[in-house]
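Just so it is clear: chains get the letters A, B, ... in the order the sequence lines come, proteins before strands, and each one is counted from 1. Remember, predicted model here, so these are calculated numbers, not experimental data.
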Amino acid sequence: MTLAMLQTPPQSETPLQSVDRYFASIGWKPFRFQRSVWRAYAGGSSGLVHSATGTGKTLAVWMGPILKWIKENPDRSKWNPKRPPPVRVLWITPLRALAGDTEASLRAPIEGLGLPWLLESRTGDSKASAKARQNKRLPTALVTTPESLSLMLTHERLLDQLRGLEAVIVDEWHELLGTKRGIQTELGLARLRKLNPQLRTWGVSATLGNLDDARESLVGVDPVGDVRVIQGYTKKRLKLESLIPANMERFPWTGHIGTKMVPQVAELIAKVKSVLVFANTRSQTEIWYQHLLKQRPDWAGEIALHHGSLDTSVRRWVENGLRDGSLRAVVCTSSLDLGVDFTAVDLVIQIGSPKGAARLLQRAGRSGHQPDAESRLAFVPTNAIELIELAAAQDAIRKGHLEARPLLRKPLDVLAQHVVTIAIGGGFTADELLQELRTTYAYQSLSDPEWQWVLDFVVRGGSSLEAYPDFHRVNVHSGRYIVEDRRRITAHRMNIGTIVSDASMKVKFLKGKTLGTAEEHFLSKLNPGDRFLFAGRLVSLVRVRDNVAYVRRATGEPDSVPRWMGGRMPLSSELSAELRLKIEQAAAGKFVGREMKALRRLFEIQSRWSVLPRSDQFLIERIETRGGHQLFLFPFEGRLVHEGLSALLAYRISRFQKTTFTMACNDYGIVLQSPHRVDIDDAIARKIFSADDLVNDILNSMNSTEMAKRQFRQIARVAGLIQQGFPGRGKSTSHIQASSNLFYDVFSQYDPDNLLLEQSRREVLELQLESSRMFDALDRIERSEIVVTEPPKVTPLSFSLLVDKLRDRVSSETLADRIRRLQSQLEKEADKED
DNA sequence: TATTCCCCGCCAGGGT
């Protein structure tokens, strides 16, 4: 920072001139959109700014309040850095790690303009003393997380200060949108607006498919002043390319690791200064890291790993290495999708399916992280078919068909938590709070009975927990809801938040260094002495004690790579739709782009042996193998939908054809295998693809109770039925699952109308099974021409499904059926021997 | 014709 910048602006300067001078000092000329944001802000508007990452949105929004303040305090001789103004701006960011970085980038203009503002952050990482100090007097601008905002609302004495807040800015709003964290943020924003009805709300977001939802949920249903949606810098240059396998003919039709591409990827990495290598899974990053090192042993120390199971200290070290340019490449999961400005990264490599166009765009934006720099992404297929996905993603991006983030519908678990939060932070009366809640987009349609139910739930535990004082969390005194018990207040504060972690154990060296965490599930299957790859090292298990797995370095080959559970990322519906169009183009003989040209031979095999379906066709392939009769169906709707569909179809067919099915699915299709030949024409005639009665049939076809119970664990946690204990020292998940099952059973039996039960069933349908997408898929299939082929061999499209099925058996047949069938086979064998 | 399954958050008020 130059000396000139550290001076306060000359008295003669207008605020805008001061800001221009600041921008000039960092070598930028403000973009037109940035000035639009300032104008909107000065005019008292709220708004949402969206564009690709690395295009100056943060500064655009931040400068609004700064300009306004300079204008209101023109007498610069009175700017006294020792007496910073009271709190004025709250900046909310979804990542703890981002809070520090954000603070640094917001600080630059404060110092550059010589403002007397105090800027601080407050997250779970902050020292208790800092929080205590802030509780007495908040800084002029505070960077925090949604959870920490919630926590602040439990401190009554903070509320008075927050009344003086002029602006609240939510960064990376797309990241929170459509999640319970986003809902928690909405509730916090409503509270802040209640404290100061004139509050301006601004959001910063990547471009996404449902900007209207993003805007409305950000500002609430009755915003003060008008609301602008401002498109940021649009000229961000983007270069997407695929690494085409050197020998496409020999490139596997299936598989998801893609190590055949290691030499080509290493060559690419060698050509540039620093690279982010994104993989879809943590185990994949471990495998690729090892293979890259094997390919280039001289890169030891220059390449690193980054994923969510690694210890924080390791991750910070890696992030710093990227920042200062000392690392050549980092193999990571979406742990590096957000945050941390790596201006040094000049290439992003994506290994395997990007799953969605918006995600690909976001990742590409991690390179060339400056408005005038070009983002470069190289896609590395792990199997031949995947090349279609990049072709499809390019089309989706070009057409602006980016994924929408569907909003959640008034989840009552989050609401129950928030109500207790408000009761702690000074209390409320029922009508008053209801009015406030209905100003949020999420709860605008909250009905009176629902509201009564929530109040009843936090006051006396609902109708089934009345006998247990532990669940009488809120007291009512002459119409005012408050929490008096200090222990209960602390317990609530420790459990604020909507993220429910999986069961995991620390992994440590015997000497004490922590490597990270791994799933209980994975570690429990290992025996002492078993070798596995973890945190980029080969280690062997020594023992497990007190929820810690102790390991030592090992040599040789790994026996296994940890498989972390976790969400399954299905292909987005937008990308699926583009993919069906690409296949249709191929069917018409159009092969545009390097990816499609490379796939030409594969597509020709597919059409020779079977058919390449047009987008108004639905392909079913029937093949007989040693394993039995196989039906391959290709909705191209993503894994989650296919899981639901496969169970649904098996259920519907078995209602009128007596057979049992073994099923498997991937992002493209479904395979149903049966010991008997299924009369598919009959099945189609009997409307197995009908969307009628879908929900009932889904619930009957799957173990929906078990799914609901698992979903209920999260709901019970968020709603405050289960305390997970001190942060970082959570109770084991098996313990939490056990108590959550208990609640589930008690409610089912004694309180069947409990709205949290209803919520868990709904979340299973909407979130786990994507039932609305399933509905759309069936609707589309019903309108399509159904093409049934009998290929002579397993086709390129079917092949990976066949392999998946061998690996991952999901059977619809009961144990008894299976035993009977095995028995009859054995009898046949015996007959032959006779 | 090998291997699959992201990420994120979180307490603490009273004496010198």
Q: Please confirm whether any donor atom in the side chain of A/S334 sits under 3.5 Å from an acceptor in the base of B/dC6, or the reverse.
A: yes

Regarding [X], tell me which of base, sugar-phosphate or nothing describes its non-hydrogen contacts under 4.0 Å with the strands shown.
{"X": "A/R488", "answer": "nothing"}
{"X": "A/K355", "answer": "nothing"}
{"X": "A/N135", "answer": "base"}
{"X": "A/T333", "answer": "sugar-phosphate"}

Find the distance [X]:[atom1] to [N]:[atom2] and express it as a whole number of Å.
{"X": "A/L310", "N": "B/dC7", "atom1": "CG", "atom2": "P", "value": "9 Å"}
{"X": "A/N495", "N": "B/dG9", "atom1": "CG", "atom2": "C1'", "value": "12 Å"}
{"X": "A/D337", "N": "B/dC6", "atom1": "CG", "atom2": "P", "value": "13 Å"}
{"X": "A/Q350", "N": "B/dC6", "atom1": "CD", "atom2": "C1'", "value": "11 Å"}
{"X": "A/R359", "N": "B/dC7", "atom1": "CZ", "atom2": "P", "value": "10 Å"}
{"X": "A/H174", "N": "B/dC8", "atom1": "NE2", "atom2": "C1'", "value": "12 Å"}
{"X": "A/E386", "N": "B/dC5", "atom1": "CD", "atom2": "C1'", "value": "12 Å"}
{"X": "A/L153", "N": "B/dC10", "atom1": "CG", "atom2": "P", "value": "14 Å"}

Considering just the side-chain nitrogens and oxygens of [X], establish if one lies under 4.0 Å of OP1 or OP2 belonging to [N].
{"X": "A/R181", "N": "B/dC7", "answer": "no"}
{"X": "A/T382", "N": "B/dT3", "answer": "no"}
{"X": "A/S148", "N": "B/dG9", "answer": "no"}
{"X": "A/R96", "N": "B/dC8", "answer": "no"}
{"X": "A/S283", "N": "B/dT4", "answer": "no"}
{"X": "A/S150", "N": "B/dG9", "answer": "no"}
{"X": "A/H155", "N": "B/dA12", "answer": "yes"}
{"X": "A/R282", "N": "B/dC6", "answer": "yes"}

Ignoring the backbone of [X], work out which of [options] is nearest its side chain.
{"X": "A/T123", "options": "B/dT4, B/dC10, B/dC6", "result": "B/dC10"}
{"X": "A/E147", "options": "B/dT4, B/dC6, B/dG9", "result": "B/dG9"}
{"X": "A/R493", "options": "B/dG13, B/dC8, B/dT3", "result": "B/dG13"}
{"X": "A/L151", "options": "B/dC10, B/dC7, B/dC6", "result": "B/dC10"}
{"X": "A/L95", "options": "B/dA12, B/dG9, B/dT1", "result": "B/dG9"}

Minimal heavy-atom distance between A/T53 and A/R366, with the atoms involved, is OG1-NH1, 3.7 Å

All heavy atoms of A/E770 vs all of A/P570, minimum pair found to be OE1-CG, 4.0 Å

Exercise for review: Look only at the side chain of A/T490 and the backbone of A/R486, and say whether a donor-acceptor pair between them is shorter than 3.5 Å.
Suggested key: yes

Subject >> Heavy-atom donor-acceptor pair, A/R717 side chain to A/N495 backbone, under 3.5 Å >> reply: yes

Can [X] and [Y] be counted as an ion pair, charged N to O under 4.0 angstrom?
{"X": "A/R639", "Y": "A/E643", "answer": "yes"}
{"X": "A/E389", "Y": "A/K355", "answer": "no"}
{"X": "A/E604", "Y": "A/R608", "answer": "no"}

Regarding B/dG13, purine or pyrimidine glycosidic angle vs 90° from 0 gives syn

Those stems involving DNA chain B that have three or more consecutive Watson-Crick or G-U pairs, both distances under 3.5 Å, are none

query = Are a donor atom and an acceptor atom from the side chains of A/H492 and A/T421 found within less than 3.5 Å of each other?
reply = yes

Taking atom types as modelled, is there a side-chain donor on A/S576 or A/E637 under 3.5 Å from an acceptor on the other?
-> no

Answer yes or no: is there a side-chain heavy-atom contact under 4.5 Å between A/L402 and A/L361? yes

Within-4.5 Å side-chain heavy-atom neighbours: A/E403 and A/L208:
no

Taking for A/N666 and for A/E249 the nucleotide of DNA chain B with the nearest heavy atom, the one nearer the 5' end belongs to A/E249

Walking DNA chain B from its 5' end, the first of A/T490 and A/F799 to be reached, judged by nearest nucleotide, is A/F799

Interface polar pairs with nucleotides 14-16 of chain B, N/O, under 3.5 angstrom:
none

Interatomic distance, CD1@A/I385 vs CZ@A/F603, rounded to 0.5 Å, equals 7.0 Å

